[in-house]
Amino acid sequence: MKQVHPSCMPSILERWARSARVDVRQASRMKRLLAVTGLLLWMPLLALAADKPATIVPGALWHDRQGEVINAHGAGMLKAPDGRYYWFGEHKISGKGGNAAHVGVSVYQSSDLLHWNARGIALPVSKDPDSDIADGAIIERPKVLHNAATGKYVMWFHLERAGHGYKDARVGVAVADAPAGPYRYLRSFQPNGQQSRDMTLFQDDGGIAYLFYSSERNATMHVTRLTDDYLGTEQDYQRLFVDQWLEAPAIFKHAGRYYFMGSECTGWKPNTAHGAAATSPMGPWTEFGNPAQGDDAALTFHSQSAYVLPMPGQPGRFIYMGDRWNPENAIDGRYVWLPLQLEGDGFRVDWHASWSLDEAQKTHVPSR
Ligand code: GAL
């Protein structure tokens, strides 16, 4: 029997027209009419969906475009030259042991900071048990910068080798040719021979980059410049917040002023945030107290700072990105993102059960 391609088969409507002896041309007009009416009926719904402000719900489960819960803790954000955002973070697994690195550093990609595509593991743990980044190592707070001069993407993270607890107190460095990787692990070391645990990178206008790291048993924060290729540190460093026991540093800049947000030192437990401002990343830094305001501010809304990102298209507004850790079931740590507003000589962060970047735009009143 001759095979009939499905596209050659008469449509249901045409077959009905034939059986009902309706003119085929009339039937196809009816078909067009139905199609247009269908579209008209759907249009308000489509418009509603497009208009619906996608909301950020701090502390809620956050799924990627593939439908999986985003697994990128201790976040580092990169706005790459391709205009897209890359979210790097600690990939955690379930249970208490899930805080150590068993998979590596994950990376997600987005154009709007709301819808994220999983791009896999940017830096996998090594299969070599002697590697610094072997399964069971501690790889925390990964941060990535793009070096415009070398064209490379450089990742820094807090590193403790497997089985060493938190005794190594080192930074690890890895490099890639593309923002999502794959990253090639280079080495680990103590910057200027000093302990380095919680850390972050900050890239200033003009490309000078800095490493901020909790040092001296976490009692004192240090800051040092990265070398021009971002693969190492310069020799000079400054001691900041001496004996203040601050960690979880996040640095941002507006109108020539630098801002610091960090936490106190209570492990996975939330505590009070600290804010500071300076006219140079190397200091001196002036503390202004707790930037979190309102209920639960003393515990930073049950979160700890990981990153502060400029809010797209809104100069002077930022997004506080924190972690709500779950040490007993590491994979279930949540993300607390909130709008951050400059105020006076400092800045503030207020709780919102849910908020949207659009809404933040509408209510934005520049403070300076
Ligand atoms: C926190 C730190 C986390 C992690 C944790 C381990 O203070 O900010 O990144 O190192 O301690 O207890």
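First listed ligand is number 1; within each ligand, the first listed atom is number 1.
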Looking only at protein heavy atoms, identify the closest one to atom 8 (O) of ligand 1 and say how far it is in Å.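 Nearest neighbour among protein heavy atoms for atom 8 (O) of ligand 1, to 0.1 Å: Asp198 OD2, 2.5 Å.
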
Top protein contact for atom 6 (C) of ligand 1, by heavy-atom distance: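 In this structure, atom 6 (C) of ligand 1 has Tyr166 OH, 3.3 Å as its nearest protein heavy atom.
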
Looking at non-hydrogen atoms alone, which of Arg197, Arg141, Met199, Glu140 comes nearest to atom 4 (C) of ligand 1?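 Answer by nearest heavy atom: Glu140.
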
Given Thr300 and Met261, is the side chain to side chain contact (heavy atoms under 4.5 Å, CB included) satisfied, shown in steps? CA-CA 11 Å; Thr300 323; Met261 184 159 174; 4.2 Å; yes

Test side chain to side chain donor-acceptor pair (under 3.5 Å) on Tyr213 and Gln194 and set out the steps. CA-CA 9 Å; Tyr213 51 106; Gln194 304 287 317; over 6 Å; no

Search all heavy atoms of Arg217 against all heavy atoms of Gln195 and return the closest pair with its distance. N-OE1, 2.8 Å

Mode of Glu247 contact toward ligand 1 - side chain, backbone, both, neither (heavy atoms, under 4.0 Å):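 Side chain only.
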
Tell me if the centroids of the rings in Phe212 and Phe260 come within less than 6.0 Å of each other. no

Between Trp87 and Trp62, what is the ring plane arrangement, given parallel below 30°, perpendicular above 60°, and tilted in between? perpendicular

Taking 4.0 angstrom as the limit and counting only heavy atoms of Gly267, give me the atoms of ligand 1 inside it, by number and element.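 What qualifies from ligand 1 is 1 (C), 7 (O), 11 (O), 12 (O).
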
N or O contact, Thr266 vs ligand 1, cut-off under 3.5 Å: no

